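The block underneath contains the structure these notes are about, expressed in structure tokens.
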Amino acid sequence: MKKYATRCMTLAAALGFIFLVAAARAVSAADPPPLVFLHYWTGPLAGGVREMTGAYNAAHPDHAIRATGFEHESYKIGIQVMLSAGNPPDIFSYWAGAKVQALVDAGYLAPIDDLWRTAGLDAKFPETVAKACEYDGRKYVIPVTQHYVCFFYNTKIFHKLGLTAPGTWKEFLDACAALKAAGVTPLALGARDKWPAQFWFDYLLLRTAGPAYRDRLLSGKASFEDPQVKRVMGLWRSLLEAGYFNDAPGAYDWSEAARMTAGGDAAMTLMGTWIIGLYDGQMGLNGQGYGYFPFPVLDEDVQEGALGPIDVIALPKGDKAEFAKTALLYFTEKGPQEAMSRGSGALAPSLSVPGDFYPPMQRGLLELARRASSWSFNFDLATPPGLSEAGLEAFTRFLAAPNEADAILSGLEARARIVFAGKPLP
Amino acid sequence: MSALRRKSLLTTLGVIVVLVESLTLTSLGLFYSGRFSGEIDNSVLTQVQLPGALMNSQLLRYESLADKDVMRKLAGEEFVEGALVGADGKTYYATDKSLVGKTAEAIPGFDPGWLSAARKASVLVRVALDGEDYAVSVTPITAYTGGPPVFYAYVKVRTRGAEAKKTKVALFFILGAGVCIVITSLLIILAAKTLAIKPLKALAEDADRLADGHLDAAIRHERPDEIGDLARSFETMRQSIRGRIGELQTANRELDESRNQIEAFINALPDVVFMMDSKGRYLEIMASDPGQLYLRPEQLKGKLLHDVFSRDVADMFLDVVKRTIETGETQTVEYALETLSGKRWFEGRASRIKDAAGAPGRVAWVSRDVTMRRELEETLRQATREAEDANRRLVELDRLKTSFLSSVSHELRTPLTSLLGFAKLIKKNFKKYFTPFSRQSERLARHAKRIVDDLGIIEHEGERLTRLINDVLDLSKIESGRMQWNEQEVDPGAVISRAVGAVGGMFRDKPDVRLEVDVPDALPRLRLDPDRLQQALMNLLNNAAKFTEAGEIRISAWTAPSGVLRISVSDTGQGIREADKEHVFEAFYQSRRGDNPLESREGTGLGLSICRQIVERYGGTITVESSEGKGSVFTIELPVGGA
């Protein structure tokens, strides 16, 4: 009898469990599908995004976000195709500047003025950053990282050779000469993905011709065949010909160059602050063994403008725009901004993130970024897509054949004329 | 020609090895060629899909599709064309730069249907363009799980190299198989020749020597393998044959001896022996005296009976031959043949001979000249006929004798009774009237006594004659069957008592003789004539008393273990001579017991004969055991339960 009762109870419990599971499935089936958040923070750039979306999902279990990374270079064209084909993700990361402008021009993005206004985001971000989110007078994106491009160097090597962070071009050249003499490659560059090379062009132009001229050049109001541009190429060529760069930059990517520097094979690399994500987050250096310094001054009378991309999250037009705005709003908050900064090594754009949040190194970088008289986006983010790709291609070609600089600039100028004339590309 | 057709084991083995290897290698070749071809095809298909798969895993950049060097490394040297087609239908990267920015339809040979099909799954097709075969893959590339394809990786490779590789594999296999077949076949054939054929040839040579009768040469059998086993078997066989041949030789010698004995035996016989088949053909003729034959044996051999004898005779003989074969029983036939020495009688005995397989097919015919026997038999038959005639006459005479004796006895008894009566009367009267008178004169008295003695002799002889006549009459009646048998159930003991009582008087004159009766009370009853039994017993007792002067006479009766009643009469008299024993039961035979002629004449010589007749009448026997000088024992055995 007792056995029978036990069996009945077991059966009842089993049936109850099945019922509960079925009910739970029914409830979950009623939940909205997760937001698809497509981004390019993969590989060495992967830090931060998981923490940020994880925090969101923890706070909003009913409106989960599924973050999917996409290879950085493929992303650039992939997102274009998704948007043009009408199958964009629900939200996606992008680069502020000309690239967002192109999407706005194509009518792919949904404006978020209401969100911006309601949340009082103008007060939360510095003006330069807020301006980077505004296109044609409307807010379209929210900023999640701000990267500052500068030199990162191996402190051990510098210390060993008695070198200090160079502040002027001469000091920089002396340091390079000393390093080379010591058998250390002074400058590491991994240009396989093309974009890392552009920072040399950008900073040389910013430090010689200044931000104003650079803006004119990149907006089609100056020529790539101008003496200012040729001077930039000459300076760069002199470094190349002096043998200060590692051999075959096109064979390495940026992270390999960064590892070359950290490992002592090279002494310096010009890179954005995402390198901190690699060094501290993935290599576990925790700020030890490497340091930074801003791009040296070339002409005293030229302003020390800052350079770097601002990563934003954009909202394509679509059914889920309102739902997605909740996520965007969340990402502007202090916590997610800090999480992204911590993982990626980037500076948090939000002003609500206090200075003491950062480790000493980033605190110094933040100061540099804030102190800068101007903020410029790097070449490929500052030029329309048709020109940006051509520019990156041109810089890569230049690395392989510095003596063809003039021809390369002529070709680039020809492309710029077409792009800015609004003609179809060949 | 037959030599050409002779098959060599080596050739056969070689053909089999080549066939088996060809079959095996062809099967293996077909199997592995198929597999290799499949692998090559799979490899091509895998390679053609590889760029798309890598892109989908974000391990390959899109622009790599435009890089022929990269594509050759990934999709193989047969790579022809690659393109990245966006979900919007535009080409973003292509090995042919002129296609970038254009729609996918601009790609030569591109089927727009592939894009719609690839939205669901990778497209993998083989196409033929301008006489060239290609493998094409269109792999959808998604940005995130569950998302729609963003791009389509289009890769086209030529399959000519794969086909060439397949052909190369097939050729390599055919060549390899051919070489393999030749080498392994040669090795196997060589090994077979060394390991099997040569030893077999050696074994065959040994076997040939064996076949030629060289039984003493041992067969070489040192090998530890199956051929060695075979050689050992041959060696065992050789030894066995040698042993068997020895036995056969011994058996042949014995057979020769046996045959010689038979020949000698036949030669010693006066008979002629023939062997004939079922058709009556002479197969073998054996005769000690060829003169008994019509023809010489060598002339007779092979001839049929009908070639030798007249049709009737030959038919008769052939009939006997056939009957012998059919029945398996020895047939005996007597026949007369006219020979050169006149008519002769023969006895023929035919016996079936089975052949080695047990089938009856021949006959042994033994012919014996029985002319002399036939003549003796004829003489005997004649004598028998004469004896039978004599017997019949004797029977008739016996009957006449019996009749005569019967009638004579009757005729004799009547006057004898008168004579005896008158002799007794005379003696009585003489003694009464003249003896007293004769006492007066000695001489007279002497004569009177003599007269009385003579009268006593007459009386005595007359009584003896009467007994003789009675006995003769009894015997006559018994023999002629005219005796009246008064048969009834009787107690043998009572009969014995009466017989003993009747002869009691005889013992009064013999005080030295005791009569002992040893008869139990209970004896089985018999059915017979009590008077006759008593007569027989009295005869025996009379005889015993007559020939016993002193001692004992005993009559005993008992039932023997065999169930018969035995009555014996024994005496301690003078016994019977050995020569008389077998005649004592014959009529008128008198044993010469003692030397007193008077005594010997006292009997009639018929008593024991009558005894026997009576006992035999009831199915019994009477025997005598006697030892001269010690006494005799007569024993009657009578079956119990009636005659």
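As the structure is a prediction and not an experimental result, all values here were calculated from the model. Within every chain, numbering begins at 1; the chains are lettered A, B, ... in the order of the sequence lines, protein sequences first and strands thereafter.
- Contact annotation for residues 118-145 of chain B against chain A (heavy-atom separation below 4.5 Å, listed by residue number): B/T142, B/A143, B/Y144, B/T145.
- Among all heavy-atom pairs drawn from A/S74 and B/L60, the shortest one is OG-O, 4.4 Å.
- Nearest heavy-atom pair across B/Y93 and A/I77 is CE1-CD1, 3.7 Å.
- Within 6.0 Å of atom NZ in B/K90, 12 or fewer heavy atoms from other residues, nucleotides or ligands are found, so the atom counts as exposed in its surroundings.
- Proximity to chain A at a heavy-atom threshold of 4.5 Å picks out nothing from residues 26-43 of chain B.
- Here the NE2-CZ distance, from A/H72 to B/R61, works out to 9.5 Å after rounding to the nearest 0.5 Å.
- When all heavy atoms of A/V81 and B/G86 are compared, the closest pair comes out as CG1-CA, 3.7 Å.
- Rounded to the nearest 0.5 Å, atoms OH (B/Y92) and CD (A/Q80) are 7.5 Å apart.
- No more than 12 heavy-atom neighbours from other residues, nucleotides or ligands sit within 6.0 angstrom of OH on A/Y252.
- Atoms CZ and CE, on B/F151 and A/M82 in that order, are 7.0 Å from each other to the nearest 0.5 Å.
- For the pair B/Q58 (side chain) and A/G69 (backbone), a donor-acceptor distance under 3.5 Å is present.
- A 6.0 Å sphere centred on CZ of A/R66 holds more than 12 heavy atoms belonging to other residues, nucleotides or ligands.
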Which pairs would a plain distance check flag for residues 179-197 of chain B, meaning a side-chain donor or acceptor within less than 3.5 Å of a matching protein atom at least two apart in sequence or in another chain?
unit_1: B/T184; atom_1: OG1; unit_2: B/E21; atom_2: OE1; d: 2.3
unit_1: B/T184; atom_1: OG1; unit_2: B/E21; atom_2: OE2; d: 2.7
unit_1: B/T184; atom_1: OG1; unit_2: B/C180; atom_2: O; d: 2.5
unit_1: B/T184; atom_1: OG1; unit_2: B/I181; atom_2: O; d: 3.4
unit_1: B/S185; atom_1: OG; unit_2: B/I181; atom_2: O; d: 2.5
unit_1: B/T194; atom_1: OG1; unit_2: B/L190; atom_2: O; d: 2.8

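- Residues satisfying the ring pair (Phe, Tyr, Trp, His ring centres under 6.0 Å) test with A/H39, not counting sequence neighbours, are A/F37, A/W41.
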